[in-house]
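Here the structure is a predicted model, which means the values were calculated and not measured.
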Amino acid sequence: MNRFDDTHLSLEQAASAFAALGSEQRLSVLQTLVRAGPDGLSMGDLGEKTGVTGSTLTHHLKFLTAADLVVQAKQGRTIICTSVAYDVIEALSKFLLQNCCADSDHPHEGKDHG
């Protein structure tokens with residue numbers, strides 16, 4: 001379970017998640033895990049697919065895990081990484097768009113940011 005409410009993020013929660021995504025390598029790792037689906041990938045497979053390995057991969061996963069974007073679970077002797085980003089990314093999008101055009105004289109007509 002992550003610490004995000006599915007409809008409202010605090011500024012602090014959003015900033016933490018966006019900061020974790022502020023690296024090309026971390027963003028690549030997250031995209032790879034999203035593509036892998038709910039079964040996730042082992043550390044070895046994740047490193048192979050992203051080209052990020054060893055302590056560098058561990059470092060980036062630490063940031064992503066702290067931001068509730070990734071979960072790591074041990075299966076036997078293997079660490080499996082899975083993305084929980086689906087709901088978090090949706091919440092981040094809603095956070096960015098929740099006040100869309102609120103201060104504009106010309107709101108985006110026909111745009112539902114719901």
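Cluster annotation: Val34 and Leu69 are assigned to the same hydrophobic cluster (Ile/Leu/Val/Met/Phe/Trp/Tyr, side-chain heavy-atom contacts under 4.5 Å, transitive). Side-chain heavy atoms closer than 4.5 Å link hydrophobic residues (I, L, V, M, F, W, Y) into clusters, and following such links, possibly through other members, connects Leu33 to Ile79. Note on Phe63 and Phe18: separate hydrophobic clusters, where clusters join Ile, Leu, Val, Met, Phe, Trp and Tyr whose side-chain heavy atoms are under 4.5 Å apart, directly or indirectly.
Between Leu46 and Leu61, the closest side-chain pair of non-hydrogen atoms falls below 4.5 Å. Taking 4.5 Å as the limit, some side-chain heavy atom of Asp45 sits within range of a side-chain heavy atom of Ser42. By the 4.5 Å heavy-atom criterion applied to side chains, Thr78 and Met43 are not counted as neighbours.
Ser83 OG to Arg35 CZ: the interatomic distance, rounded to the nearest 0.5 Å, is 11.0 Å. The NE2 atom of His59 sits 10.0 Å away from atom CG of Leu64, with the distance rounded to the nearest 0.5 Å. Put simply, CZ on Phe95 and OG on Ser10 are 7.5 Å apart, with the number rounded to the nearest 0.5 Å. Taking NZ of Lys62 as the start and OG of Ser55 as the end, the distance is 12.0 Å to the nearest 0.5 Å. With rounding to the nearest 0.5 angstrom, the CG atom of Leu92 is 7.0 Å from the CG atom of Leu21.
Take Thr50 and apply the side-chain hydrogen bond (donor to acceptor under 3.5 Å, both in side chains) test, not counting sequence neighbours, and it matches no residue.
Closest approach of Gly40 and Thr82 over heavy atoms only: CA-CG2, 3.5 Å.
Tested against Gln25, the residues Thr56, Leu57, Leu30 include a single side-chain contact (heavy atoms from CB on, under 4.5 Å) partner, Thr56.
A donor-acceptor contact shorter than 3.5 Å links the side chain of Arg26 to the backbone of Ala20. A donor-acceptor contact shorter than 3.5 Å is absent between the side chain of Ser28 and the backbone of Glu24.
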Hey, mind stepping through Thr32 and Leu41 against side chain to side chain contact (heavy atoms under 4.5 Å, CB included) and telling me if it holds?
CA-CA 9 Å; Thr32 301; Leu41 294 168; 3.7 Å; yes
